[in-house]
Amino acid sequence: SAPRPFPWEPAERAGGARRAAAPAPLAAMFADGTVPGADVESLWRSARSASCEAKSCQTGRISTVESAAQSHTSRDAGVQTDQSKDAVQDFQQEVQVDYTSLLSFLQRVEDAVIKELNKNWKSRAFDGFEVNWTDQNETVLCLHTLSYPEAQDQNLQVTSVSWNATGSVVACSYGRLEGGDWSTEKSYVCTWNLDRRGLNPQRPDLVVDVPSCVMGLSFHPSQPSLIAGGLFSGELVVWDTSRTEDPVVWRTGMTGDTHTDPVYQVTWLPDAKHRNRSRLLSASTDGKILVWREEQPGRLALAEGFALVAQQVPRSTQLKKFAWGEAAVGVTSLSFSHFDPHVFVVGVEGGYSLKCSTAAETPALRGAAGSIPLRAPAELAFAPHGGPVYSVSCSPFHRRVLGNAKSSCFLLPPSPRNLFLSCGTDGKVHLHSMLQTQPLISLQLSKKYLFCVRWSPVRPLVFAAASGEGNCNKYFWFTGDVHLFDFEKSSHKPALSLKQAMDERPVYCLEFNVKQSRLLAAGDATGAVRVWQLSSDFTEQGPREMNRLEQLASEITD
């Protein structure tokens with residue numbers, strides 16, 4: 001149809017004539033109005049929807065298929081160029097040897113070579129030298145500070161430490177070494193595996209609850225999980241650390257054979273009758289040294305026993321009797337010779353060190369009741385300390401008997417196998433020979449007690465001592481509680497002193513690690529065990545160190 005004319009234009013009349021219309025008012029020409037919206041359909045969206053499975057902005061489902069990337073067949077191919085046949089023949093060609101001339105040469109030099117080999121075999125130039133494949137340590141470091149918070153809350157002290165047969169586990173016993181009666185106080189035995197990842201110094205790997213204070217501790221020399229302890233009650237107990245439910249394996253119980261005083265020393269001994277078994281030796285301040293054997297079920301039975309009688313120990317008018325018994329016979333420490341299984345040294349409360357033997361046949365003049373008669377083991381009394389002896393340690397070093405190429409044996413000069421160390425409440429360390437009563441050396445280390453002394457297992461001239469104080473003045477030269485001596489450097493003062501405990505608390509025990517010779521464990525009155533890593537100076541033996549120790553002893557003796 002024709003477009004609609006504007007209002008002000010004349011409308012066509014019938015027959016095509018136009019007529020004029022009256023003009024409309026201005027308000028009628030412009031007026032507000034609302035018209036409906038126009039819908040315009042999107043052709044792009046409808047086309048896009050037609051090609052998608054779902055009406056969304058995500059793409060359609062993607063189908064995947066897994067298949068092996070490897071081929072079913074393989075083939076080896078060399079990357080080297082082929083070797084020529086001529087080169088192979090030249091390489092494989094046998095070397096021509098004049099065996100007649102070689103035999104003649106060996107026959108000519110045979111005597112000279114044997115002579116030099118015998119000379120080298122007899123030489124002592126490299127005595128004691130060992131190849132060290134580990135890294136060098138220039139300083140002594142504290143690797144770990146181990147503790148059991150519950151024992152520290154009870155103000156218990158570390159009374160003994162011990163390393164197991166592998167050298168990776170250290171154990172400590174808790175008790176008290178101060179005055180008082182603690183026979184019924186609960187204590188603990190704790191172990192830490194230093195090789196375990198995630199070691200927590202304040203969370204032992206094993207905690208054994210013990211109804212009485214543990215005064216001495218010793219791991220089995222070849223079975224890493226067995227550990228023996230001597231109790232304040234006089235009882236002896238063996239635990240298996242691999243058993244978490246009930247670790248007690250053997251115990252003496254409280255019988256007529258049991259010690260009547262605290263057991264301060266426990267030592268494993270080989271059983272001569274049963275190769276796969278061991279015996280346990282216990283020493284107590286009741287004067288008895290008892291040897292126990294395994295007995296089923298779970299009991300330790302007395303195998304043999306010894307007693308230190310007053311008649312065998314020299315009297316000293318300078319020593320007083322203590323309240324807990326006869327000071328002259330109470331055994332506080334013990335150490336076996338490394339070369340004679342029958343010989344051992346004991347320290348007693350009377351201040352003496354005594355050379356003893358398990359082969360002694362003399363009956364002990366004691367009226368003590370028991371299932372087995374006791375023997376008197378003391379053979380020789382050494383010059384006393386000014387107070388009770390708290391620790392003894394026999395030398396682990398000796399010479400070898402060698403032979404030359406023609407099987408004729410010869411013996412090297414006398415060895416320091418008869419030497420031992422002792423320390424006591426007079427603050428002195430004595431170096432003794434078992435062949436004479438007077439000490440070779442007497443070192444004044446402290447104004448107070450010395451509780452422990454140990455000979456180094458790898459250095460003949462090195463030993464360690466634990467003291468009851470940690471100060472320094474014009475009379476005493478140390479500044480710590482663990483003292484390391486090296487006679488190669490000085491025979492009068494420590495080579496190094498380590499600060500172990502805070503507030504001048506004493507160090508009661510220490511032990512070298514035989515398997516890992518750089519480690520030294522020390523326990524103190526705060527209830528902590530510190531593991532020290534020794535420097536190379538204290539762990540590497542010099543080529544003539546044995547000679548130096550022999551020379552030192554002979555000079556003093558002369």
Side-chain angles (χ1 to χ4, degrees), residues 265 267 269-270 281 283 287 289 291 306-309 312-314 316 328-329 331-362 375-386 388-401 411-424 426 428-443 450 452-457 459-465 485 487 491 512 545-558:
Q265 185 83 37
T267 303
L269 301 177
L281 181 143
I289 303 169
V291 180
F306 308 89
L308 296 179
V309 297
Q312 289 186 307
V313 182
S316 174
V329 296
V331 180
T332 58
S333 56
L334 181 146
S335 179
F336 265 84
S337 168
H338 292 259
F339 317 108
D340 188 338
H342 300 292
V343 176
F344 61 95
V345 177
V346 298
V348 299
E349 290 178 330
Y352 289 91
S353 297
L354 305 175
K355 179 183 177 182
C356 302
S357 174
T358 58
E361 298 294 340
T362 305
R375 291 171 285 163
E379 296 181 343
L380 179 65
F382 302 95
H385 284 264
V389 176
Y390 276 166
S391 181
V392 291
S393 178
C394 289
S395 168
F397 299 98
H398 65 100
R399 288 288 185 197
R400 302 187 306 271
V401 177
L411 182 65
L412 293 173
S415 70
R417 60 191 298 172
N418 293 315
L419 300 181
F420 71 92
L421 297 165
S422 64
C423 71
D426 59 357
K428 294 181 179 180
V429 170
H430 287 178
L431 172 62
H432 272 285
S433 169
M434 295 186 189
L435 305 179
Q436 65 184 58
T437 59
Q438 295 299 317
L440 303 177
I441 300 177
S442 180
L443 299 171
L450 292 178
C452 188
V453 64
R454 290 291 183 268
W455 213 301
S456 166
R459 286 281 314 276
L461 296 176
V462 170
F463 71 89
F485 279 78
F487 285 125
S491 59
F512 285 97
E545 195 160 329
M546 295 289 291
N547 296 348
R548 172 60 181 150
L549 185 59
E550 294 171 357
Q551 180 183 2
L552 180 65
S554 62
E555 288 176 354
I556 297 172
T557 304
D558 296 340

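Remember, it's a predicted structure, so these values are computed and weren't measured experimentally. Because only heavy atoms are used, hydrogens play no part in the values below, and waters and symmetry mates are left out as well, while side chains stay in.
In this structure F344 satisfies the ring-ring contact (aromatic ring centres under 6.0 Å, His included) test together with F336, sequence neighbours excluded.
With hydrogens and angles disregarded, a donor-acceptor distance shorter than 3.5 Å links the side chain of T332 to the backbone of V389. With hydrogens and angles ignored, the 3.5 Å screen pairs a side-chain donor or acceptor of S393 with a backbone N or O of W455.
Of all the heavy atoms in S442 and K428, the pair that sits closest is OG-CD, 3.6 Å. Between L354 and A378 the shortest heavy-atom distance is CD1-CB, 4.4 Å. Nearest heavy atoms, A381 versus Y352: CB-CD2, 4.4 Å. For the pair S335 and V392, the tightest heavy-atom approach, listed with the atom from each and the gap, is CB-O, 3.6 Å. Nearest heavy atoms, P460 versus M546: CG-SD, 3.5 Å. Between A383 and H430, the shortest heavy-atom contact is O-ND1, 4.2 Å.
Side chains of H432 and S353: a donor-acceptor N/O pair is absent below 3.5 angstrom, by distance only. When only modelled atom types and interatomic distance are considered, R454 and S391 share a side-chain donor-acceptor pair under 3.5 Å.
Considering only heavy atoms from C-beta on, P377 stays 4.5 Å or farther from T358 through its side chain. By the 4.5 Å heavy-atom criterion applied to side chains, V331 and Q265 are not counted as neighbours. Looking at heavy atoms from C-beta onward, C394 lies in side-chain contact with M434 at the 4.5 angstrom threshold. Looking only at side-chain heavy atoms (C-beta outward), L450 and Y390 stay at 4.5 Å or farther from each other. Under the 4.5 Å side-chain criterion, counting only non-hydrogen atoms from C-beta, S357 is not in contact with D340.
Put simply, CZ on F512 and CZ on F463 are 9.5 Å apart, with the number rounded to the nearest 0.5 Å. The structure places NZ of K355 at 6.5 Å from CG of L435, a figure rounded to the nearest 0.5 Å. Atoms CZ and CD, on F397 and E545 in that order, are 7.5 Å from each other to the nearest 0.5 Å. Atoms CD and OG, from Q438 and S433 in turn, are 12.0 Å apart once rounded to the nearest 0.5 Å.
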Verify side-chain contact (heavy atoms from CB on, under 4.5 Å) between R548 and F487, making sure each step is shown before the conclusion.
CA-CA 9 Å; R548 172 60 181 150; F487 285 125; 5.8 Å; no
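Checking each of L419, N418, L431 against S395 for a side-chain contact (heavy atoms from CB on, under 4.5 Å) leaves exactly one that passes, namely L419.
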